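Because only heavy atoms are used, hydrogens play no part in the values below, and waters and symmetry mates are left out as well, while side chains stay in. When a ligand or atom number is given, it counts from 1 through the structure's own listing order. Quick caveat, the model's predicted, so the values are computed rather than measured.
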Amino acid sequence: MAKFIFVTGGVISGLGKGIAAASIGLLLKNKGLKIAVEKFDPYLNVDPGTMSPYQHGEVFVTEDGGETDLDLGHYERFIGTNITKNCSFSMGQIYSEIIKKERKGSYLGGTVQVVPHVTDIIKNKIKALAESSKADVIITEIGGTVGEIEAEVFLEAIRQFKTEMGRENVMFIHLTLVPYLKISDELKTKPTQHSVKELQKHGINPDMLLCRADRHIPEELLNKIAMFCNIDTNYVFEGIDVDTIYDLPINFHDEEMEERICERLGIKTERKDIDEWKALVDNFKNPDKEVNIGLVGKYVALQDAYLSVSESLKHAGAHHKCKVNIEWINSEDIEANGVEKYLSKLDGIIVPGGFGNRGIEGKISAAKYAREHKIPYLGLCLGMQIAVIEFARNVCGLSNANSSEFGTYEHQVIDLMEAQVGISNKGGTMRLGSYPCTLKEGTKAHRAYGEDKINERHRHRYEFNNNYRDIMNNNGMILAGTSPDNMLVEIIELSDHPWFVASQFHPEFKSRLCEPHPLFRDFVGATIVK
Ligand code: GLN
């Protein structure tokens with residue numbers, strides 16, 4: 001039978017519950033256990049795909065086309081196993097499921113209530129994941145902060161879950177904050193005590209505490225927390241601020257956290273080292289060179305909107321022992337002040353994904369600058385469409401070229417696929433999830449992947465317009481990757497350029513520290529030799 005770990009957070013939000021849960025997953029996987037993870041979010045939105053990147057950061061796309069919370073990205077990056085649509089639920093989705101059932105008459109006129117109906121659905125989702133994943137350990141992160149009204153239903157559900165499944169099969173890990181008070185020069189434990197009391201009020205006694213602090217927490221303070229919170233001393237851990245999130249599993253491992261978890265859940269395993277991970281983190285922290293890469297986007301004020309892109313650059317950097325500095329450039333600033341000011345000192349340029357026409361011309365200028373000045377360029381989804389528009393306008397002489405996403409033009413070099421014409425609803429109409437792509441021999445993409453056929457994740461509505469294949473091709477644009485039936489262009493490259501590659505898919509969702517994505521790896525490589 002599977003074992004279950006629930007991760008909750010207290011005191012304040014933003015303590016890094018997702019990273020902590022992902023690190024625990026990594027350490028348990030390293031011991032040979034099969035891990036599945038899922039996240040419950042307290043908000044009422046039904047479709048995270050339509051939530052603003054300004055508020056929520058990036059939408060992470062899963063293999064099966066799920067549009068999920070960015071924390072799920074950390075799970076994949078750390079644990080290495082693919083997440084599915086069934087690993088992320090908002091309270092909105094849960095309520096909408098119940099209301100649909102009620103409308104269908106499934107409750108036969110009975111009163112529909114938070115307990116047991118909502119809590120049952122939550123518990124069933126956890127059990128369903130255990131069944132479908134056949135994992136040894138299911139890690140469930142409860143979004144939000146204990147004490148918030150929204151979190152209560154989830155807490156009640158997991159309390160019941162433990163009673164049902166048995167104490168030996170369920171473990172609660174709680175993340176809290178131990179703040180430092182400058183005026184008295186001490187770390188304070190009261191917020192943690194209060195947060196644990198709040199959990200206990202819901203019938204949950206945490207088995208393990210992870211105390212976030214900006215400095216080392218002395219042993220006697222950890223003991224004090226253990227005593228006041230009714231937890232074994234060796235189950236109270238400090239979670240000290242780290243230089244990089246990839247340090248966290250190392251710190252946990254050094255404190256033998258995974259051993260305590262296995263002990264608590266009665267799982268027999270041996271101590272395993274994490275030397276491979278440590279070596280990569282060491283590369284990352286001790287680079288012997290450095291490059292500056294400009295990321296030209298729309299949501300640059302909130303860098304979480306491009307989280308997978310910046311993580312992919314870190315992975316590639318660790319591979320090359322190279323520090324990758326990201327310069328966040330708002331494409332509207334380029335429109336206002338010209339490209340030179342922002343791009344002239346860069347070693348590489350990325351235009352990531354995006355929607356809507358704001359700042360488009362600034363991105364087109366960036367692609368032009370990269371092409372003309374032979375600066376390595378990596379285009380991701382919209383970044384490919386931008387490169388195609390730029391090339392059509394300035395190399396093929398189609399001065400009015402554009403994407404039909406932004407209006408009606410004489411040369412709509414980026415356009416809706418036939419099957420999508422006429423659909424204009426928000427959400428749900430995109431090409432989403434993993435699709436195969438055939439690579440052309442002799443291209444940079446083919447060299448990077450070292451394979452003829454790949455699978456990559458998509459999230460977009462518009463495509464390269466096939467009517468323009470010939471003219472683009474004749475002018476030096478290589479169609480380096482297409483769908484296996486050759487109907488869709490998936491990767492373009494420029495022939496007369498050191499490294500200019502752009503993809504209609506989002507490679508950033510598949511990069512891992514131990515396995516940097518080939519396109520990011522070679523892009524960063526190209527910026528080094530430049
Ligand atoms: N807006 C473009 C489209 O829908 C690109 C989307 C993206 O970059 N993810 O096709």
> Answer yes or no: is there a donor N or O on one side and an acceptor on the other, between the side chain of Lys444 and the main chain of Leu519, under 3.5 Å?
no

> State plainly whether the residues Glu463 and Arg431 are in salt-bridge range, i.e. N to O under 4.0 Å.
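Salt bridge between Glu463 and Arg431, a charged N being under 4.0 Å from a carboxylate O: yes.
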
> In order of chain and number, which residues sit within 4.0 Å of ligand 1 by heavy atom?
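Its neighbours under 4.0 Å (heavy atoms only) are Gly353, Gly354, Phe355, Cys381, Leu382, Gln385, Glu405, Arg459, His460, Arg461, Tyr462, His506, given by chain and number.
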
> Looking at the rings of Phe505 and Tyr435, which for Trp means the six-membered one, are their centres under 6.0 Å apart?
no

> Parallel, tilted or perpendicular for His458 and His460, by the 30°/60° rule?
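The rings of His458 and His460 sit tilted, inter-plane angle from 30° to 60°.
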
> With a 6.0 Å cut-off on ring centres, are Phe78 and Tyr246 close enough?
yes

> Pairing donors with acceptors under 3.5 angstrom, does anything connect the side chains of Gln412 and Asn402?
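There is no such pair (donor and acceptor under 3.5 Å, judged by atom type) between the side chains of Gln412 and Asn402.
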
